[in-house]
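Only a predicted model underlies this, so the values are computations on that prediction, with no experimental measurement involved.
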Amino acid sequence: MKPSLAVPTAVAYSLVTPAEPEEPVSETIARPVSEWRDRLVNDFEKSVFARFPEIGAIKESLYEAGAVYASMSGSGSSVFGLFDQEVDLTDRYRNCFVWSGSCEV
């Protein structure tokens with residue numbers, strides 16, 4: 001999802017506080033995607049969501065729609081969700097650019 005709202009890169013970087021993950025990212029992504037939610041964290045999210053709560057709301061709504069994992073992309077404002085089945089989200093996000101597709105690993 002790409003909302004019409006933009007996060008200025010300079011603002012995002014001025015607010016971020018990088019954190020050391022509890023386990024290396026390489027170990028986290030080796031786990032099933034369903035275990036990533038509380039382990040694979042974008043450090044920009046905390047400060048960006050505080051300043052732009054509508055972006056955090058998009059992430060939460062992706063989980064409500066059945067995403068097994070959701071995250072903000074980079075410093076924002078795009079948010080993506082990974083689903084284990086095909087979902088049509090176009091009507092839910094009328095004010096966003098919505099891309100849907102599949103990824104084979």
Side-chain angles (χ1 to χ4, degrees):
M1 309 300 145
K2 170 63 177 95
S4 57
L5 148 77
V7 177
T9 303
V11 170
Y13 275 86
S14 72
L15 298 172
V16 70
T17 303
E20 187 71 30
E22 289 184 28
E23 71 182 2
V25 172
S26 60
E27 289 180 24
T28 301
I29 63 173
R31 295 175 177 274
V33 175
S34 60
E35 295 181 19
W36 292 4
R37 185 173 184 166
D38 295 321
R39 289 184 161 96
L40 188 60
V41 178
N42 178 340
D43 289 339
F44 284 102
E45 287 185 355
K46 184 176 181 179
S47 56
V48 169
F49 291 176
R51 186 141 182 183
F52 304 95
E54 49 271 74
I55 300 171
I58 291 171
K59 178 181 175 179
E60 284 309 308
S61 70
L62 288 170
Y63 279 121
E64 291 168 8
V68 291
Y69 179 73
S71 182
M72 185 173 71
S73 179
S75 59
S77 65
S78 295
V79 180
F80 66 92
L82 303 177
F83 294 80
D84 58 8
Q85 59 188 353
E86 193 169 330
V87 182
D88 183 4
L89 301 171
T90 308
D91 288 339
R92 182 174 257 201
Y93 301 99
R94 292 193 182 275
N95 295 327
C96 296
F97 169 78
V98 178
W99 180 86
S100 178
S102 62
C103 177
E104 300 291 327
V105 180

Validation: residues 63-72 side-chain donor-acceptor distances under 3.5 Å, sequence neighbours left out:
{"from": "Tyr63", "atom 1": "OH", "to": "Ala70", "atom 2": "N", "distance (Å)": "3.0"}
{"from": "Tyr63", "atom 1": "OH", "to": "Ala70", "atom 2": "O", "distance (Å)": "3.4"}
{"from": "Tyr69", "atom 1": "OH", "to": "Leu40", "atom 2": "O", "distance (Å)": "2.7"}
{"from": "Ser71", "atom 1": "OG", "to": "Glu45", "atom 2": "OE2", "distance (Å)": "3.2"}

Practice task
Identify the two heavy atoms, one from Ile55 and one from Val7, that lie closest to each other, and give their separation to 0.1 Å.
Solution key: CD1-CG2, 3.5 Å
Could you list the donor-acceptor pairs under 3.5 angstrom formed by side chains in residues 81-88, with sequence neighbours left out?
{"from": "Asp88", "atom 1": "OD1", "to": "Thr90", "atom 2": "N", "distance (Å)": "3.2"}
{"from": "Asp88", "atom 1": "OD1", "to": "Thr90", "atom 2": "OG1", "distance (Å)": "3.0"}

Problem - Short side-chain to backbone donor-acceptor contact, Asn42 and Ser75, under 3.5 Å - result: no
Practice task
Compare every heavy atom of Ala6 with every heavy atom of Ser77, then report the nearest pair and how far apart it is.
Solution key: OG-CA, 4.3 Å
Handout entry: With Phe80 via ring-ring contact (aromatic ring centres under 6.0 Å, His included) - residues at least two apart
Key = none
Fill in the blank from the handout: To the nearest 0.5 Å, atom OH of Tyr13 lies from atom OG of Ser47 at 11.5 Å
Problem - With sequence neighbours excluded, residues passing ring-ring contact (aromatic ring centres under 6.0 Å, His included) with Phe49 - result: none
Completion exercise
Applying salt bridge (charged side-chain N to carboxylate O under 4.0 Å, His left out) to Arg31 and not counting sequence neighbours gives Glu23, Glu35
Problem - Members besides Leu15 in its Ile/Leu/Val/Met/Phe/Trp/Tyr cluster (side-chain heavy atoms under 4.5 Å) - result: Val11
Handout entry: Verify same cluster id: Val16, Leu5 (apolar side-chain graph, 4.5 Å)
Key = yes
